Amino acid sequence: MKKSPWKLDPLFTPRSIAVIGASPNGGAGSIVLRNMQRLGYTGTVYPINPKYKEIFGYPCYASLRDLPAPADCAAVLLGSRSLLPMLEEAHAAGVKGVWGFASGFAETGGEGRAMQRRIHDFCHESGLLFCGPNCVGYANITDKTCMYSAPLPQAFRPGDIGVIAQSGAVLLALGNANRMAGFSRLISSGNEAALGLADYMDYLVDDDATHVIALFIETIRDPEAFAAACSRAAEKGKPVIALKVGRSELACRVAATHTGAIAGSDRILDAFFRRANVMRVNTLDDLLETAVLFSGLRGLSAGSPKVGMATVSGGEMGMLADVCADSGLVFPPVSEAGKERLRKVLPPYAPIANPLDAWGSGDLREAYPASLGILAAEEDVETLIVSQDIPGNMAPEQVEQFSDVARAAVAVRAASGKPVIVVSNISGGIDPAIGDILAQGNVPVVQGSGAGIPAIRRWIDWCAARAAHQSIQRR
């Protein structure tokens, strides 16, 4: 099985970083340094700019040749025509990895394409690890290191979702989303003059901190290597979720003018994704919610789309029934024994069915948890969905009330051993206090029923495909 020849640890875990084009006056030359400080990078930082003696408390140097020791990596924040000379100088100075911020290469046509080709040839001849050009770099949240040209989000936390995006703006959108998703790596690959999508994927497949891989793809430059990386991810049980643009003629033209990409046949790609057990999504909400769900359900499994669902709203239950039907989720009827148990905890007028309107008389501290436990105990229910809207603008009294629902979901998760998923039907954020209750209880939340319910079906399908693959391997 083909594997990337590049070893990317020196690029992503450098002990020292030179910032060429550093500046105290704003722009990328300032942001890169500030990001290192915010993330808590403990390695050595070498700002390089002959105009300054010191920047943000770091001694500043005139050039790479003036450093007291060779830097492991270098961030090059200069224009496109300066990039190749700086790569040559960096290699001569013992630098192992470089990130290039500048645009103006293959995406601009003939001359830019020629410059990019020369960068490709130099890196492959010299072995220099190069990320870019035309990208925002990377943030290694796990190891607290980055070469990243956009301000890091207001809040971030380490996690197990690794992201590779061929669009810098998409990477920022995912990283800045108020989902507080737990990321291990945020990687912007840009034009991929030397290192490409498959190289970064191989790195994440082997990365112990990454368990879910999310991709934003404009083009696949090395299909064979990409297929091999997807196969390796499947073997290791790491789900791959991909948003591949280019289904329309317009999207293909846009990709070509953005990163110099040439998009391939969409039908062929769909077939490949199915064979490789790669989940294809169509929007950034789908990508983020699916990745968050897979991360939250790590180690759990479901063998079929048979689900139980509890709500506190008859109206939303009807809407969700439609959305779930569109995703092919199946609601097995409640057993006679289950109905009898539910009648003992819900008022006489409460309908007994799956999906279950468990609001009853509004008793969320005793009747609701009991109802949830009874539904989860149903033999045919493999996954339990709890529909509860928990947006971030609720009054304190509402937060307190719906916290009882969250605690009930956590208790059922612990008692049943089955996957329990909360669906907040409105996207745009969740209440942090309720989110903490669920996170500490290992109950994932998806927000927006339009993105969240299909994400649940993708997880179920992935589990089934993985189980089938493992069964074949054991024969």
Side-chain angles (χ1 to χ4, degrees), residues 1-13 129 138-143 158-166 174 181-187 189 192 195-217 220-244 269 271-281 287-303 419 442 444 455-475:
M1 187 182 295
K2 182 178 179 181
K3 185 179 178 182
S4 171
W6 303 92
K7 305 300 181 186
L8 302 191
D9 287 317
L11 179 66
F12 289 110
T13 54
L129 302 172
Y138 75 83
N140 177 347
I141 308 299
T142 306
D143 299 308
D160 65 354
I161 302 171
V163 181
I164 307 166
Q166 291 175 335
L174 296 173
F183 295 110
S184 58
R185 310 283 188 271
L186 295 169
I187 301 171
S189 63
E192 299 179 355
L195 298 174
L197 174 63
D199 301 309
Y200 296 118
M201 276 196 67
D202 271 330
Y203 169 74
L204 293 182
V205 169
D206 290 334
D207 176 39
D208 290 339
T210 300
H211 298 104
V212 178
I213 300 172
L215 309 175
F216 181 87
I217 306 170
I220 300 172
R221 294 177 172 86
D222 189 341
E224 182 184 355
F226 178 71
C230 289
S231 296
R232 293 185 63 243
E235 290 294 331
K236 288 201 171 187
K238 295 190 177 185
V240 178
I241 305 138
L243 198 172
K244 168 65 174 69
L269 189 66
F272 163 72
F273 279 165
R274 285 193 296 271
R275 287 196 304 272
N277 201 19
V278 173
M279 276 79 41
R280 186 173 188 181
V281 299
L287 183 64
L288 188 55
E289 294 308 313
T290 306
V292 167
L293 182 66
F294 272 80
S295 174
L297 293 175
R298 180 185 167 206
L300 299 176
S301 185
N442 298 315
I456 294 172
R457 181 57 198 254
R458 290 185 196 104
W459 175 74
I460 292 170
D461 288 345
W462 184 83
C463 290
R466 177 156 173 75
H469 176 75
Q470 290 175 327
S471 177
I472 292 171
Q473 294 295 101
R474 286 193 294 266
R475 291 177 187 172

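Keep in mind the model is a prediction, meaning the values are calculated, not measured. Worth knowing before you read on, the calculation uses all heavy atoms, side chains too, and leaves out hydrogens, waters and symmetry mates.
More than 12 heavy atoms of other residues, nucleotides or ligands shown are found within 6.0 angstrom of CD on Gln470.
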Q: Would you sort out whether Ile161 and His211 count as a side chain to side chain contact (heavy atoms under 4.5 Å, CB included), showing the intermediate values?
A: CA-CA 6 Å; Ile161 302 171; His211 298 104; over 6 Å; no
Q: Would you sort out whether Leu269 and Phe273 count as a side chain to side chain contact (heavy atoms under 4.5 Å, CB included), showing the intermediate values?
A: CA-CA 6 Å; Leu269 189 66; Phe273 279 165; 3.8 Å; yes
Q | Derivation of the side chain to side chain contact (heavy atoms under 4.5 Å, CB included) call for Tyr138 and Leu186 | A | CA-CA 5 Å; Tyr138 75 83; Leu186 295 169; over 6 Å; no
Q: Show your working on side chain to side chain contact (heavy atoms under 4.5 Å, CB included) between Met279 and Val240 and close with a plain yes or no.
A: CA-CA 6 Å; Met279 276 79 41; Val240 178; 5.6 Å; no
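Residues Trp6 and Asp202 form no side-chain contact, since every pair of their non-hydrogen atoms from C-beta on lies 4.5 Å or further apart. The closest side-chain heavy-atom distance from Phe183 to Pro158 is not below 4.5 Å. By the 4.5 Å heavy-atom criterion applied to side chains, Leu215 and Gln166 are not counted as neighbours. Phe294 places none of its side-chain heavy atoms less than 4.5 Å from the side chain of Pro444. The shortest distance between side-chain heavy atoms of Lys7 and Tyr203 does not fall below 4.5 Å.
Between Gly159 and Thr142, the shortest heavy-atom distance links the atoms O-OG1, 4.3 Å. Scanning all heavy atoms of the two residues, the minimum distance from Cys230 to Val278 falls at SG-CG2, 3.7 Å. Pro419 and Leu297 get closest at one heavy-atom pair: CB-CD2, 4.1 Å. Considering all non-hydrogen atoms of both residues, Trp462 and Lys238 come closest at CZ2-C, 4.3 Å. A pairwise comparison of heavy atoms in Val205 and Ala233 identifies CG2-CB, 3.8 Å as the closest pair. Ser184 and Ala209 make their closest contact through CB-O, 3.8 Å (heavy atoms, listed as atom of the first residue, atom of the second, distance).
Aromatic ring pairs are classed by plane angle as parallel below 30°, tilted from 30° to 60° and perpendicular above 60°; the pair Phe272 and Phe226 is tilted.
Separation of atoms CE (Met201) and CD1 (Ile164) is listed at 6.0 Å; rounding is to 0.5 Å. The line from CG of Asn442 to CZ of Arg298 is 11.0 Å long, rounded to the nearest 0.5 Å. Atom-to-atom distance recorded for Lys236:NZ and Ser231:OG is 13.5 Å, nearest 0.5 angstrom. Taking CG of Leu8 as the reference point, atom OH of Tyr200 lies at 7.0 Å (rounded to 0.5 Å). Once rounded to the nearest 0.5 Å, the distance linking CG of Leu11 with CG of Asp199 reads 11.0 Å.
Of the possible polar contacts, none joining the Arg458 side chain to the Thr290 backbone as a donor-acceptor pair under 3.5 Å is found.
Here Asp222 pairs with Lys2 under the salt bridge (Lys or Arg N to Asp or Glu O under 4.0 Å) rule; sequence neighbours left out. Checked against side chain to side chain donor-acceptor pair (under 3.5 Å), Asp461 has the following partners two or more places apart in sequence or in another chain: Arg457. Evaluation of the side chain to side chain donor-acceptor pair (under 3.5 Å) rule for Asp207 yields Arg185, Thr210 as partners, not counting sequence neighbours.
Using modelled atom types and a 3.5 Å distance limit, the side chains of Thr13 and Asp143 yield no donor-acceptor pair.
A salt bridge links Lys3 with Asp206: the closest approach of a Lys/Arg side-chain nitrogen to an acidic carboxylate oxygen falls below 4.0 angstrom.
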